[in-house]
J.: 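What follows is a single structure, and I will ask about it in a moment.
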Amino acid sequence: MTTTATQGPPEHPARAPRGHASPGAALAVLPGVLREALAWTDAHRAHFTLPDDVLEPHTQVNATLKPLGELAQLGSTIRRATAPGTPEHELAGGLVAYAWEQVGAGELLLELLRAEPFAAYPYEIYAAFAGYGLRHEGFEALARPLTATRAWAHTEQHANRQLGLVNSERRVGAVGHTDAGAVLSRTWLGGLSEPWMFEGPSGYALTHTVFHLTDWGRMPDRVPGKIDGYLRTWLPAWADGCLESGQWDLTGELLAVAASLPGPPPEPLLDAVWPVLADVQHPSGCVPETGPPVRDAATPDPYPFIDCYHSTLVTAFAAALALRSLRRAGEAVPGRERRTA
């Protein structure tokens, strides 16, 4: 995504809320949003299937392994955030199982690591499964000496990406190659950047900083107090700008951030924004990344898969976190790091 969240609105945007939100508006729409987004993802799981030539140099990682890794990461998070026995919990677990099957229970990731020992993405994809409890002994045996090299410790990356690698190491059980706090201080968010400098790339850097810091919403109390206060102050304005400009994917990520904060959830923000995103969601369950939404229910696939799979997954992920956060509001014990199993 290269467009900014502050550009002019699209031709027929959804109406961004500017008045007082109705209390409970988020809870009224969230179960349906989550259910429909997961159903669409499950119905399109064949689009996540890896091609036979996935290990060949010419294969596009961003069109093959990246979507599958996102399915594993967000699917596993949704399963952890939903109640056992519910359809959403079972469906999310089935999607993760499908992704694990696609990587040959880790064997394909081992082959990738052998072929590209200098690349971080096989390790990061593996970490999504490892954090869920799916492991491959051979992969970890090879990864241990590789992650102890000087080259690994000095891989040149943007700070938020480096924070993601630190979180991957934590998930796999490896010794972190650097201090997460020092990396956080170098991110756009960690520096408490001027809020009016927010735009698309910095927005995604911000959301992923929070995802890596909290292990995708599992540990909200890892968010430092100053960052928590900064986000609670400015998330409403940023979300409003994203709604105005039709940036639905980034809106979903900001909503996931709002549901990953320590303490009580920012209910006025959730109540204001979730009904708008619910209105953008197509009757089939998918959500476009950007632009005017298609509302014709007679069109089963209104957008190309590549233009809606991520925003639909993100919407499901954010909805699961928001439902958990709203339902557990007030249950946190002060002074303790909250975890979700």
J.: Taking distance alone, no hydrogens or angles, what donor-acceptor pairs closer than 3.5 Å link side-chain atoms of residues 115-128 to residues at least two apart or in another chain?
T.:
{"residue": "Glu116", "atom": "OE2", "partner": "Tyr121", "partner atom": "OH", "Å": "2.6"}
{"residue": "Glu124", "atom": "OE2", "partner": "Arg161", "partner atom": "NH1", "Å": "2.9"}
{"residue": "Tyr126", "atom": "OH", "partner": "His136", "partner atom": "N", "Å": "2.7"}
{"residue": "Tyr126", "atom": "OH", "partner": "Glu140", "partner atom": "OE2", "Å": "2.5"}

J.: Which side-chain N or O atoms in residues 29-39 pair as donor and acceptor under 3.5 Å with protein atoms at least two apart or in another chain?
T.:
none

J.: Side-chain contact test, heavy atoms from C-beta onward, threshold under 4.5 Å: evaluate it for Arg79 versus Val96 and give yes or no.
T.: no

J.: Considering only residues two or more places apart or on different chains, which pairs with a residue in residues 90-115 satisfy salt bridge (charged side-chain N to carboxylate O under 4.0 Å, His left out)?
T.: Glu111-Arg114

J.: Rounded to the nearest 0.5 Å, how far does CG of Leu192 lie from CH2 of Trp234?
T.: 12.0 Å

J.: Which pair of heavy atoms, one from Leu270 and one from Pro265, lies closest together, and at what distance?
T.: CD1-CB, 4.2 Å

J.: Of all the heavy-atom pairs spanning Ala99 and Leu71, show the shortest one and how long it is.
T.: CB-CD2, 4.3 Å

J.: Could you state the interatomic distance from CG (Leu255) to CH2 (Trp274), rounded to the nearest 0.5 Å?
T.: 5.0 Å

J.: Kindly write out the residues that satisfy ring pair (Phe, Tyr, Trp, His ring centres under 6.0 Å) with His158, not counting sequence neighbours, or none if the list is empty.
T.: none

J.: Could you walk me through whether Phe48 and Leu95 pass the side chain to side chain contact (heavy atoms under 4.5 Å, CB included) test, one step at a time?
T.: CA-CA 10 Å; Phe48 294 94; Leu95 292 170; over 6 Å; no

J.: Okay, side chain of Thr187, backbone of Gly190: is any donor-acceptor separation there less than 3.5 Å?
T.: yes

J.: Just by modelled atom types, is the Val223 backbone N or O under 3.5 Å from a matching donor or acceptor in the Asp228 side chain?
T.: no

J.: Does atom CG of Asp179 have more than 12 heavy-atom neighbours from other groups under 6.0 Å away?
T.: yes

J.: Evaluate Asn160 against Trp188 for side chain to side chain contact (heavy atoms under 4.5 Å, CB included), listing each step before the verdict.
T.: CA-CA 8 Å; Asn160 76 88; Trp188 192 93; over 6 Å; no

J.: Can you tell me how far the CG atom of Leu112 sits from the CG atom of Leu65, to the nearest 0.5 Å?
T.: 5.5 Å

J.: Okay, side chain of Thr86, backbone of Thr82: is any donor-acceptor separation there less than 3.5 Å?
T.: no

J.: Look at the side chain of Thr64 and the backbone N and O of Val54, then say whether any donor-acceptor pair between them is shorter than 3.5 Å.
T.: no

J.: Taking ring pair (Phe, Tyr, Trp, His ring centres under 6.0 Å) as the test, write out the residues that go with His310, two or more places apart.
T.: none

J.: Kindly indicate whether the side chain of His154, heavy atoms from C-beta on, has any atom under 4.5 Å from the side chain of His177.
T.: no

J.: Using the test side chain to side chain donor-acceptor pair (under 3.5 Å), find all partners of Asp301 that sit at least two apart in sequence or belong to another chain.
T.: His44

J.: Kindly write out the residues that satisfy side chain to side chain donor-acceptor pair (under 3.5 Å) with Thr77, not counting sequence neighbours, or none if the list is empty.
T.: Gln73

J.: So, taking the atom named CG in Leu113 and the one named CG in Leu146, what distance separates them when rounded to the nearest 0.5 Å?
T.: 5.0 Å

J.: Run Leu323 and Leu27 through side chain to side chain contact (heavy atoms under 4.5 Å, CB included) and show every step you take.
T.: CA-CA 7 Å; Leu323 276 170; Leu27 276 175; 3.8 Å; yes

J.: Between atom CG of Leu213 and atom CD1 of Ile227, what is the distance when rounded to the nearest 0.5 Å?
T.: 6.5 Å

J.: Can you list, by chain and residue number, the hydrophobic cluster partners of Val166 when the side-chain cut-off is 4.5 Å?
T.: none

J.: Do the two ring centres, one from Tyr204 and one from Phe211, sit under 6.0 Å apart?
T.: no

J.: Could you report the tightest heavy-atom contact between Ala239 and Val273, atom names first, then the distance?
T.: CB-CG2, 4.1 Å

J.: For Val280 versus Pro288, what's the shortest heavy-atom pair and its separation?
T.: CG1-CD, 3.8 Å

J.: Sort and list the pairs that fulfil ring pair (Phe, Tyr, Trp, His ring centres under 6.0 Å) and have at least one residue in residues 54-111, not counting sequence neighbours.
T.: Trp100-Phe129

J.: Any idea which heavy atoms bring Ala329 and Glu267 closest together, and the distance?
T.: CB-OE2, 4.4 Å

J.: Counting distance only, does the side-chain N/O of Thr312 pair as donor-acceptor with the main-chain N or O of Cys308 below 3.5 Å?
T.: yes

J.: Could you check if a side-chain atom of His282 sits within less than 4.5 angstrom of a side-chain atom of Arg295, using non-hydrogen atoms only?
T.: no

J.: Indicate the atoms forming the closest heavy-atom contact of Ile306 with Glu289, along with that distance.
T.: O-OE2, 4.0 Å

J.: When you look at Glu244 and Asp240, which way does the side chain to side chain contact (heavy atoms under 4.5 Å, CB included) test go after all the steps?
T.: CA-CA 6 Å; Glu244 277 196 89; Asp240 194 58; 3.9 Å; yes

J.: Out of curiosity, Leu261 CG to Leu231 CG, how far, rounded to the nearest 0.5 Å?
T.: 5.5 Å

J.: Quick check: does any side chain N or O of Asp249 sit under 3.5 Å from a backbone N or O of Ser311, one acting as donor and the other as acceptor?
T.: yes

J.: Restricting to pairs with a member in residues 163-173, which pass salt bridge (charged side-chain N to carboxylate O under 4.0 Å, His left out), not counting sequence neighbours?
T.: Arg171-Asp215

J.: So, the side chain of Thr299 versus the backbone of Pro302: is there a donor-acceptor pair under 3.5 Å, distance only?
T.: no

J.: Closer than 3.5 angstrom, by distance alone: can the side chain of Thr251 be matched with the main-chain N or O of Gln247 as a donor-acceptor pair?
T.: yes

J.: Relative to the ring of Trp216, is the ring of His212 parallel (under 30°), tilted (30 to 60°) or perpendicular (over 60°)?
T.: perpendicular

J.: Just by distance, do the side chain of Asp271 and the backbone of Ala26 share a donor-acceptor pair under 3.5 Å?
T.: yes

J.: Is any side-chain heavy atom of Ser260 closer than 4.5 Å to one of Leu321?
T.: yes

J.: Applying a strict under-4.5 Å side-chain criterion to I, L, V, M, F, W and Y, I'd like to know whether Val175 and Leu165 cluster together.
T.: no

J.: Indicate yes or no for a side-chain donor-acceptor contact from Trp40 to the backbone of Tyr309 under 3.5 Å, with no hydrogens or angles considered.
T.: no

J.: Quick one: are Trp248 and Gln281 in side-chain contact, heavy atoms under 4.5 Å?
T.: no

J.: Which ILVMFWY residues can you reach from Tyr303 by hopping between side chains whose heavy atoms are under 4.5 Å apart?
T.: Val294

J.: For residues Glu56 and Thr59, is any side-chain donor paired with an opposing acceptor at under 3.5 Å?
T.: no

J.: Could you give all pairs that pass the salt bridge (charged side-chain N to carboxylate O under 4.0 Å, His left out) test and reach residues 57-68, with sequence neighbours left out?
T.: Lys66-Glu70

